[in-house]
A.B. asks: 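Got a structure for you, questions after.
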Amino acid sequence: MNLRFRLGQAYDRVRTGDVRGVARLVRRRLYSETLRIQVRKETTDADEARSSGAEHPIRVASMADIEAVLDPGRGSAMDAGEVWQRRLRRYVAATLGPSRCYVADFDSLGPSFMHYLFFPEDNDLVQSNFPDLGSRLEPGEAMVEYLYVPPDARLLPFVTSCLAQVASEARRRGAASIFTYAQKGNKGALFSFRLAGFHPVAVRRSRYRFFRRSVWYEPL
């Protein structure tokens, strides 16, 4: 990610009065280690059958859909972390466009779920813009990333239904398996993925030492 985005991230922390957050950003790049869990799902024909007739069907996003999901007016007194999550996804949409993103409406709230879906043909695009996402996809693999659901739509049945539908879309487009990563401490996300049929398979460790980053994988 470019310097402009990183400066924007720091600005969000300052603007919301999160001075400690700015210090954490600097400290993280000086000396830190984070752990993310890779969760994977083997797709089957049954996934497609289950996703048909879903109450909240997914669709390919437009930029207007993404802006509706990320609307700053959704959710009062957002902390700096929430602001940053929305800024990140705006940056992704501006960089990659909306065509790889899937959204779903939640009742009267309108677009309330977004998730990017990548295939091997997206490897060069993803690696050139977001090398931190992980290794290149192999034939038959798909990856989902940049999940976001506004606080007013974070109901488990809605989220898990949408996740399952994205996996079904990957199956329809030829992927035999689909995976993503979740922070070890993000129990809500890990639980949602498990309910959607994803299972933990590996650990990805990311280490910063004086602004130099290294990544390696370990079996779970």
Side-chain angles (χ1 to χ4, degrees), residues 34-61 66 69 81 85 88-89 92 96 100-106 111-123 126-127 130-151 153-206 215-220:
T34 57
L35 184 151
R36 300 186 77 192
I37 305 298
Q38 185 191 83
V39 293
R40 182 178 290 268
K41 175 182 174 66
E42 304 302 318
T43 62
T44 66
D45 291 335
D47 293 319
E48 295 187 53
R50 283 195 295 268
S51 68
S52 61
E55 183 179 359
H56 303 97
I58 63 170
R59 64 178 185 276
V60 177
I66 293 174
V69 175
Q85 292 294 337
L88 170 61
R89 283 148 184 82
V92 173
L96 301 181
R100 295 171 179 82
C101 182
Y102 287 83
V103 297
D105 296 332
F106 183 67
S112 302
F113 168 95
M114 63 177 290
H115 215 177
Y116 270 80
L117 177 59
F118 301 110
F119 294 91
E121 57 264 30
D122 300 316
N123 277 332
V126 171
Q127 291 294 316
F130 303 99
D132 292 354
L133 281 187
S135 56
R136 296 174 67 87
L137 296 172
E138 298 295 332
E141 283 188 324
M143 177 176 67
V144 280
E145 265 293 352
Y146 302 119
L147 168 66
Y148 186 77
V149 181
R154 288 176 186 168
L155 278 72
L156 199 58
F158 171 64
V159 176
T160 54
S161 171
C162 293
L163 291 174
Q165 289 180 72
V166 173
S168 174
E169 176 65 13
R171 167 69 175 183
R172 187 186 69 81
R173 295 177 56 181
S177 67
I178 182 172
F179 70 90
T180 190
Y181 299 92
Q183 293 285 353
K184 180 184 178 183
N186 193 341
K187 295 181 180 180
L190 288 168
F191 187 55
S192 296
F193 279 114
R194 181 174 287 276
L195 289 180
F198 290 76
H199 300 283
V201 295
V203 172
R204 186 178 76 181
R205 295 183 182 274
S206 174
V215 178
W216 69 99
Y217 297 84
E218 300 172 355
L220 192 66

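Scope of the values below: all heavy atoms of this structure, side chains included, with no hydrogens, waters or symmetry mates. Positions are given from 1 along the sequence.
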A.B. asks: Do the side chain of R171 and the main chain of A167 share a donor and acceptor less than 3.5 angstrom apart?
C.D. replies: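 No.
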A.B. asks: Which distance, rounded to the nearest 0.5 Å, do you find between the CD of Q183 and the CZ of R204?
C.D. replies: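 Answer for the CD-CZ pair, Q183 versus R204, is 8.5 Å.
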A.B. asks: Which atom pairs, one a donor and one an acceptor, fall under 3.5 Å between side chains of residues 173-182 and the rest of the protein, sequence neighbours left out?
C.D. replies:
| residue | atom | partner | partner atom | Å |
| --- | --- | --- | --- | --- |
| R173 | NH1 | Y102 | OH | 3.2 |
| S177 | OG | R40 | NH1 | 2.9 |
| T180 | OG1 | V144 | O | 2.5 |
| Y181 | OH | Q38 | NE2 | 3.1 |

A.B. asks: Can you see which heavy atom on A164 is nearest to which on A196, and at what distance?
C.D. replies: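 Residues A164 and A196, closest heavy atoms: N-CB, 4.1 Å.
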A.B. asks: Run the numbers on V166 and F113 for side chain to side chain contact (heavy atoms under 4.5 Å, CB included), then give the verdict.
C.D. replies: CA-CA 11 Å; V166 173; F113 168 95; 4.1 Å; yes
A.B. asks: Can you name the nearest heavy-atom pair linking A153 to F158, along with the distance?
C.D. replies: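 Here A153 and F158 meet closest at O-CD2, 3.4 Å.
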A.B. asks: In chain order, what residues pass the salt bridge (charged side-chain N to carboxylate O under 4.0 Å, His left out) check against E218, with sequence neighbours excluded?
C.D. replies: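 Partners of E218 by the salt bridge (charged side-chain N to carboxylate O under 4.0 Å, His left out) criterion, ordered by chain and then number, come out as R205.
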A.B. asks: Kindly compute the distance separating CG (D122) from CZ (R136), expressed to the nearest 0.5 Å.
C.D. replies: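 Here the interatomic distance stands at 10.5 Å.
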A.B. asks: Apply ring pair (Phe, Tyr, Trp, His ring centres under 6.0 Å) to F130 and F118, showing your working.
C.D. replies: CA-CA 12 Å; F130 303 99; F118 301 110; 7.9 Å; no
A.B. asks: Does C101 form a side chain to side chain contact (heavy atoms under 4.5 Å, CB included) with I66? I'd like the steps, not just the answer.
C.D. replies: CA-CA 9 Å; C101 182; I66 293 174; 4.2 Å; yes
A.B. asks: Looking at CD of Q165 and OG1 of T160, how far apart are the two atoms once the value is rounded to the nearest 0.5 Å?
C.D. replies: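 Here the rounded value is 10.0 Å.
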A.B. asks: Please name all residues satisfying salt bridge (charged side-chain N to carboxylate O under 4.0 Å, His left out) with R36, sequence neighbours left out, ordered by chain then number.
C.D. replies: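 Listed in chain order: E145.
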A.B. asks: List the residues meeting side-chain contact (heavy atoms from CB on, under 4.5 Å) with P120, not counting sequence neighbours, and say none if there are none.
C.D. replies: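 Listed in chain order: N123, L137.
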A.B. asks: Quick one: pull up CG in L163 and CG in L147 and give me the separation to the nearest 0.5 Å.
C.D. replies: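 Separation between the atoms: 6.0 Å.
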A.B. asks: Taking the six-membered ring for Trp, is the centroid-to-centroid distance between H56 and F106 below 6.0 Å?
C.D. replies: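 They qualify: ring centres under 6.0 Å apart.
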A.B. asks: Do you know the tightest heavy-atom contact between V103 and A61?
C.D. replies: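 Heavy atoms only, the tightest pair is CG1-CB, 3.5 Å.
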A.B. asks: Please work out whether the ring planes of F193 and H115 are parallel, tilted or perpendicular, with thresholds of 30° and 60°.
C.D. replies: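 Ring orientation of F193 relative to H115: tilted.
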A.B. asks: Around atom CD of E121, are there more than 12 heavy atoms from other residues, nucleotides or ligands closer than 6.0 Å?
C.D. replies: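 Counting neighbours around CD of E121, more than 12 heavy atoms of other residues, nucleotides or ligands fall under 6.0 Å, so yes.
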A.B. asks: The criterion is side-chain contact (heavy atoms from CB on, under 4.5 Å); which residues satisfy it with R194, sequence neighbours excluded?
C.D. replies: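 Scan of R194 (side-chain contact (heavy atoms from CB on, under 4.5 Å), adjacent residues dropped) gives H199, P200.
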A.B. asks: Of the non-hydrogen atoms in R154 and V149, which two are nearest, and what is the gap between them?
C.D. replies: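 Closest approach of R154 to V149, heavy atoms only: NE-O, 2.5 Å.
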A.B. asks: How close do L156 and S192 get, counting heavy atoms only, and between which atoms?
C.D. replies: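 The pair with the smallest heavy-atom distance is CD1-OG, 3.2 Å.
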A.B. asks: Apply side-chain contact (heavy atoms from CB on, under 4.5 Å) to D105 and list each qualifying residue two or more places apart in sequence or on a separate chain.
C.D. replies: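 If we apply the side-chain contact (heavy atoms from CB on, under 4.5 Å) test to D105, skipping adjacent residues, the hits are R59, P111.
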A.B. asks: Working to the nearest 0.5 angstrom, can you tell me the gap between C162 SG and E55 CD?
C.D. replies: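 The SG atom of C162 sits 10.0 Å away from the CD atom of E55.
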